[in-house]
Amino acid sequence: MCGIVGYLGPRETVGVLMDGLRRLEYRGYDSAGIAVFHGGKIEVRRARGKLRVLEEAIAGESLEGKVGIGHTRWATHGRPSDDNAHPHKAGSIAVVHNGIIENYLSLKKVLTESGHVFASETDTEVIAHLVDHFLREDFPFEEAVRRALGKIKGSYALAVLCEKEPEKLIGARNESPLVVGLGEGELLIASDTPAVLNYTRDFIFLEDGEMAVLSDGKAEVLDLEGKRIPREPKRVKWNPLMAEKGGYKHFMLKEIMEQPRAITDTIRGRISEDRSEIIFEGLDSDGKMVKAINRIALVACGTSYHAALVGRYLIESLCRIPVEADIGSEFRYRNPLVDEKTLLVTISQSGETADTLAALREARKRGARTLGICNVVESSLSRESDYTIFTYAGPEIGVASTKAFSTQLVILYLLSLFLGKRTGYISHTQMDEFIGELVRLPHLLEEVVRGHKEIERIGRKYVHAENFLYLGRGINYPIALEGALKLKEISYIHAEGYPAGEMKHGPIALIDREMPVVVLATKDDTYEKVMNNIEEVHAREGRIIALASQGDKEIASKVEDVIFIPPTVSLLTPVLLTIPLQLLAYYMADFKGNDVDQPRNLAKSVTVE
Ligand code: F6R
C-alpha cells in the first residue's frame, strides 16, 4: 500500500517528510518521492527503489520550505519507475495519491484532447491535471480541488500542493484513510498515523467524501459541496509499534480485518458500468487468445495453490473449459501436457516463488500462453508472463497469507466471468446476477469480520486440541485445505483438510472426543451430503464446529459450535468461509503465545526450489 505524508510548519520540511516515509517503510514499497515549495516553486524529487535511493538523490541539496508532501508507492497502475513515482506535477499543482481512480482513462482522454500532456502511466497524474485544469479556469486552489474530486470515481487519499497558494496544503479522502495531525504551530497529513506520531498525538480522522484544508495554523474539514464540517480532534494513545499495526496486536489480524477493503480495491474498475463486462485492459483484446486455447493449467504453491483449486472449479463451472490445477514443484517434473493451446495461469502473492516461476518457464518453453495472478507489480512472475492481473491486496506482512488469498479468489471469479462471456457460456442475465453478488461481497465480509468475538471464544475452547480435521465438499473443499494449512502454520497444531466424501475411506478412524472437526456446511448442492457426514462424526462422538449459512436452524442441534456466514451464490461462498477459518487459526495461535506474524521455519517468499 502506498503511504502519504504532508507537512506545513516551521521545521525543516524535507526532514519531516523523510522521517515519515521511513516510518512507513516496513510495509514495503517500490518507489518514493517528495515535493517541497522552495524558492517560489514546487520542487519534486522522486526515485524508484528504496528510500535510500531518494535520500542519496537529495543529499547535499538545500530544499528548504515550509510546506511539502511525500509518498511511498506500491505500484498499481504503471510499473515502478522514476516517472511513475509520486508526487505528480501538472502546471502549478503537485499531488500524491493512494487508491485507484476508476475512470482515469476517460478523464485522461478528455484532458489530453484539451492540451494536457501526461508524463507517467499512472492514474494519479489525472488528478494533478484535473486540478490544474480548474485552476486555469480561474478557480481558487480549494475550489479547483473540490471540482476535480467531483469528476473522479474511485478510491483516494490525496495530498495536494499549489504554487499559487504556497501556504496551503489540501488533503481529501474517499475509501482510503487519511488523517490530519494537529501539532504545536504545525500541521501534518498522513495516510497512517505512525508516519507522524513523533510530532503529534492529536488527529482528525477524515471520513469518506471529506477534504481538509490546512493553512494559517488551522485545519478545516469540508464536504465536497464546500460546506464546513465541525470536527473535534481525537487523541491517539497507540505506541508507534501498535500504530503500525493499525492498533491490532499482529499484522496478520490487521490483514484479516482489512479484507473487505482489499476486495473492494481488487474489484474496482474491473466491472463495466452496465455490469455486462469484466474489464482486464488488454487481455485478449483481439479475441484470438480465448479462441485458440483448449485447456487451462493453474499452477501455484501453498495457499495460492488452494486458490488454484477453487479456480479450477470456477472456470469449469462458468466456462466449460477443461482445467487442471497443479502444485508448482509437481507440475514441472511430470512432463506436463502443455502446448500452444494451453493457457497457463500462475498464482502467487509474491511473484517470486521459485517453484511457480520454474513451472512458468517450463510452460513457456513448451509454447503455452501465460497469465499471472500476482500481488506484486514488477515481480519476476509479472515480468515473465504474457499478461498479469494484479490483486490489489496491498503489502502482506504477516507470513501466513490471508488477504492475498481472498483477493486471488476474487480475481479467479472475475477471470471466470471474463472467459465465460467470451466462450458464450454465461448469459447476460447470469452475468448480471454474478456481478451483483460480487459487488455485495465486501459488505458480507464486513458482517463476517464483525463476528470475530464468537470465533475468538471458539478458538479459546479448542486451543488444547492436538489434531484437527477440516471437511468440505465441492468448491469448499480447497477451503478446508486452506483452513487446515492456516492452523498448522501458525498454531503448530496438526490439521488435515479432506473432501468430506472421503471420510469413510479412512479418516473416520481418527474420530473420537479428542478430535475437533471443522465442517464447511453452507447451503448449496452438497448440503445434504455434508449433513450426512456431520451425522457420521456425531455418531462417533467427534466434536463438530460447523460453518453454516445464516438461518440454518437444523444444524445447531447436531454440532457443538456454529459460525454463521451470510448467504451468497455458492461460487462466492469460499471467500466468506475463508475469513472465519483465518480468524480461528489466528486466535488459537495467539492463545498459545506463538509468534503469529513470523511462524517458526517459514519465510514470506520461498525463492528456492
Ligand atoms: C501460507 C503461505 C504459503 C504461500 C506459498 C506461495 O500461508 O503463505 O503457503 O502461499 O509459499 O507463495 P506465493 O503466493 O508468494 O507464491
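Every number for a ligand or one of its atoms is a count from 1 in the order of the listing.
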Engineer: Can you classify the ring geometry of Y470 versus F468 as parallel (below 30°), tilted (30 to 60°) or perpendicular (above 60°)?
Structural biologist: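 Judged by the thresholds at 30° and 60°, the geometry between Y470 and F468 is tilted.
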Engineer: Would you check the N or O atoms of T356, main chain and side chain alike, for any that come under 3.5 Å of an N or O of ligand 1?
Structural biologist: no
Engineer: Which atoms of ligand 1 are found less than 4.0 Å from any heavy atom of S350?
Structural biologist: 13 (P), 15 (O), 16 (O)
Engineer: What are the two closest non-hydrogen atoms of L481 and G497, and how far apart are they?
Structural biologist: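 Smallest interatomic distance, heavy atoms only, reads CD2-O, 3.5 Å.
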Engineer: Classify the ring geometry of H86 against H97: parallel below 30°, tilted from 30° to 60°, perpendicular beyond 60°.
Structural biologist: parallel
Engineer: Can you list the atoms of ligand 1 that are under 4.0 Å from a heavy atom of S348?
Structural biologist: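 It comes down to these atoms of ligand 1: 13 (P), 14 (O), 15 (O), 16 (O).
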Engineer: Between Y104 and H77, what is the ring plane arrangement, given parallel below 30°, perpendicular above 60°, and tilted in between?
Structural biologist: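 Taking H77 first and then Y104, their aromatic rings stand perpendicular (interplane angle over 60°).
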Engineer: With a 4.5 Å heavy-atom cut-off, do V96 and T124 have their side chains touching?
Structural biologist: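 No; the side chains remain at least 4.5 Å from each other.
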Engineer: For ligand 1, which atoms, with element, lie under 4.0 Å from some heavy atom of E489?
Structural biologist: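 This gives 1 (C), 7 (O) as the contact atoms.
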Engineer: Suppose I only count heavy atoms of Q349 and a 4.0 Å limit; which atoms of ligand 1 are within that range?
Structural biologist: 13 (P), 14 (O), 15 (O), 16 (O)
Engineer: Within the 4.0 Å heavy-atom shell around V399, which atoms of ligand 1 are there?
Structural biologist: 8 (O)
Engineer: Please list, in number order, the atoms of ligand 1 under 4.0 Å from a heavy atom of K486.
Structural biologist: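 Answer, ordered by atom number: 1 (C), 7 (O).
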Engineer: Between N375 and T391, is any side-chain donor less than 3.5 angstrom from a side-chain acceptor?
Structural biologist: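 Side-chain D/A pair, N375 to T391: present.
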Engineer: What protein heavy atom sits nearest atom 3 (C) of ligand 1, and how far off is it?
Structural biologist: T303 N, 4.0 Å
Engineer: Is it the case that Q349 and S304 place a side-chain donor and acceptor less than 3.5 Å from each other?
Structural biologist: no
Engineer: Decide whether D597 and H250 meet the rule of one side-chain donor and one side-chain acceptor closer than 3.5 Å.
Structural biologist: no
Engineer: To check your reading of the model: name the closest protein heavy atom to atom 12 (O) of ligand 1, its residue, and the distance in Å.
Structural biologist: T353 OG1, 3.4 Å
Engineer: Quick one: look up the protein heavy atom nearest atom 11 (O) of ligand 1 and list residue, atom name and how far away it is.
Structural biologist: V606 CG2, 4.0 Å
Engineer: Around atom 6 (C) of ligand 1, find the nearest protein heavy atom and jot down its residue, atom name and distance.
Structural biologist: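 Of every protein heavy atom, C301 O, 3.4 Å lies nearest to atom 6 (C) of ligand 1.
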